[in-house]
Amino acid sequence: MNLRLQNIDMTAPSSSERLNMVARFSADLGSMTDLTTMANRIIQELCRAGATTHGALFLLDHEQTCYRRASMVGSIAPGVTPSTLAASHPLPRHLLATNQIMTQGASVVDLQAHHLAAGARGFMEALQAARILPHLNKDRLIAFSILGAAQPLAEESALAESLLAALTQTATNALDTMMLYEDLHRSHTLIKRTDRLKSLETIAGGFAHEIRNPLTSIKTFIQLAPERKDDPQFIQEFSKVVLDDVYRIERLIQEILDYARYMEPQLTDEDFNDIVASCLYFIDVKADSQGIKIEKELAPDLPRVMLDRQQIKQVLLNLFLNAMAAMSKSGGKLRVQTRKLMKPEGKVWAHIEIEDTGEGIQDANLDHIFDPFFTTKHKSGENEGTGLGLTIVHQIIQEHHGEILVKSSVGVGTTFFVSLPALPA
Ligand SMILES: Nc1ncnc2c1ncn2[C@@H]1O[C@H](COP(=O)(O)OP(=O)(O)OP(=O)(O)O)[C@@H](O)[C@H]1O
Ligand SMILES: [Mg+2]
């Protein structure tokens, strides 16, 4: 990143202007959300304060093995300024040991007293730098800024060293917070990605297992077809089986794509009751034809929630359809209730309970219902399941930072509890 600095003000600022300058700088940095913008702003401000048109800011890499040039104004010693500098180089080590601003022409006796200082000084001279500012936080050199020579005749308008030190400290604090934030963000993303890879691994294994049977039957048909081509009963019956198998593979592929394509939810501020009502409307006719009575109680004081409307609809429909499948034999009652929930830490959640009077889930299966490809619906035809429904439901609720629980008793029924964190009032 190479920036150009325009209009350096050559008049020396008054002391109240100086205070204002630090305050404005600090407020500016506090409002920034990314490290690059922040590095640019810092080097510009420091160059202005040092009355120079050349400067560069080096940031400690997240592996902490080197410093990378994050921002540059003008060009200090073109061709000499490196883009990275090892953490073991004498310059960062010297800055860490002294925590002092290095300036051109400091006492030679002092410098020669220490080989680190001599190495740092040599580097500074090669760059024709006028100052090097350490950004040191809690015994860690998180960055340093190199400033070029002051403009001719502007040396005395360069700010007092103490003010430069104040600006440097302000920059250090802001950089430290931002680097910490970026580190956290990086590790959070990594955890999410690893989680996802793990579940994709399970899914890939399950998928291979699931398509093996239909593929075998298709293969058998193709192998037998030439010799049985004149047997209409064989052709008719087997082609029906094969077609069902092809449909099954198609459905599996679609479900897997839905899962794999699944991205960060697009959150919007929504009325959860509204989504529940629209999903219930969708299943109404089917429920009626299966002798299932729907009871809904939607809380009028339900808090609004940030959610992805399509994904939450998918969650609710999956849960409603599972409940209906569990009552497909002899009908029953589907009770859907929403309410506002206060969690112990005082946080407000929007909560929904989906209760059916279906066949229930056996204890041994309860631990597996969210696993990819776990299904008890092996019959072919309309009720055949892929066992990905609840896996997707769980994934979506997790991405919404919500919770899902289930309680079930065989022969009595099943209740799913889903809570989503509400928007602050
Ligand atoms: N309300 C419920 N009552 C009883 N059993 C349930 C209920 N909900 C889920 N289950 C059990 O959990 C299993 C997994 O559900 P899931 O929705 O993941 O897959 P599925 O419904 O079998 O297939 P699909 O992928 O088509 O949804 C079901 O096969 C069933 O055994
Ligand atoms: Mg299902």
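Both ligands and their constituent atoms are indexed starting at 1 by order of listing. Just so it is clear, the model here is predicted, and its values are computed rather than measured.
- Between R339 and D301 no salt bridge is recorded (no basic side-chain N to carboxylate O distance below 4.0 Å).
- Look at D231 and R228 and you find a salt bridge, because one of the NZ, NE, NH1 or NH2 atoms lies within 4.0 Å of a carboxylate O, short of that distance.
- The aromatic rings of H394 and F370 are tilted relative to each other, their planes meeting at an angle between 30° and 60°.
- Looking at A326 next to ligand 1, no N or O pair under 3.5 Å apart turns up.
- A salt bridge is absent between D356 and K333; no separation between the charged side-chain nitrogens and carboxylate oxygens falls under 4.0 Å.
- For atom 23 (O) of ligand 1, the closest non-hydrogen atom on the protein side is G387 N, 3.1 Å.
- Nearest to atom 17 (O) of ligand 1 among the protein's heavy atoms is N322 ND2, 2.8 Å.
- For the pair D28 and E45, the minimum side-chain heavy-atom distance is 4.5 Å or more.
- Using a 4.0 Å cut-off to heavy atoms of R251, the atoms of ligand 1 that qualify are 26 (O).
- Salt-bridge check for R304 with E270: failed, with every basic side-chain N at 4.0 Å or more from each acidic carboxylate O.
- Remark: minimum distance from atom 14 (C) of ligand 1 to any protein heavy atom is reached at F374 O, 3.2 Å.
- Nearest residue to atom 4 (C) of ligand 1 from T376, V406, L366, I361 is I361 (criterion: closest heavy atom).
- Regarding atom 1 (N) of ligand 1, its nearest protein heavy-atom neighbour is D356 OD2, 2.9 Å.
- The aromatic ring centroids of F144 and H135 lie 6.0 Å or more from each other.
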Might you work through the salt bridge (Lys or Arg N to Asp or Glu O under 4.0 Å) test for D288 and K293, ending with a clear yes or no? CA-CA 7 Å; D288 203 40; K293 190 174 172 304; over 6 Å; no
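- For ligand 1 and A323, the ligand atoms under 4.0 Å from any heavy atom of the residue are 1 (N).
- Using a cutoff of 4.0 Å between basic side-chain nitrogens and carboxylate oxygens, R335 and E355 are scored as salt-bridged.
- Residue contacts with ligand 1 include G360, since one of its heavy atoms falls under 4.0 Å from the ligand.
- With 2.8 Å as the limit, N318 does not count as an N, O or S neighbour of the Mg ion (ligand 2).
- Protein heavy atom closest to atom 15 (O) of ligand 1, with residue, atom name and distance, is L390 CD1, 3.6 Å.
- With respect to D274 and R309, a salt bridge is recorded, a charged nitrogen being found less than 4.0 Å from a carboxylate O.
- Considering backbone and side-chain atoms together, F416 places no N or O closer than 3.5 Å to any N or O of ligand 1.
- In this structure, the protein non-hydrogen atom closest to atom 26 (O) of ligand 1 is T386 N, 3.3 Å.
- Among protein heavy atoms, the minimum distance from atom 11 (C) of ligand 1 is reached at I369 CG2, 3.9 Å.
- Of the protein's non-hydrogen atoms, the one nearest atom 21 (O) of ligand 1 is K377 NZ, 2.7 Å.
- Considering backbone and side-chain atoms together, L388 places an N or O closer than 3.5 Å to an N or O of ligand 1.
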Check step by step if salt bridge (Lys or Arg N to Asp or Glu O under 4.0 Å) holds for K240 and D244. CA-CA 6 Å; K240 193 178 166 310; D244 277 351; 3.7 Å; yes
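- Each of the atoms 20 (P), 22 (O), 29 (O) of ligand 1 lies under 4.0 Å from some heavy atom of T375.
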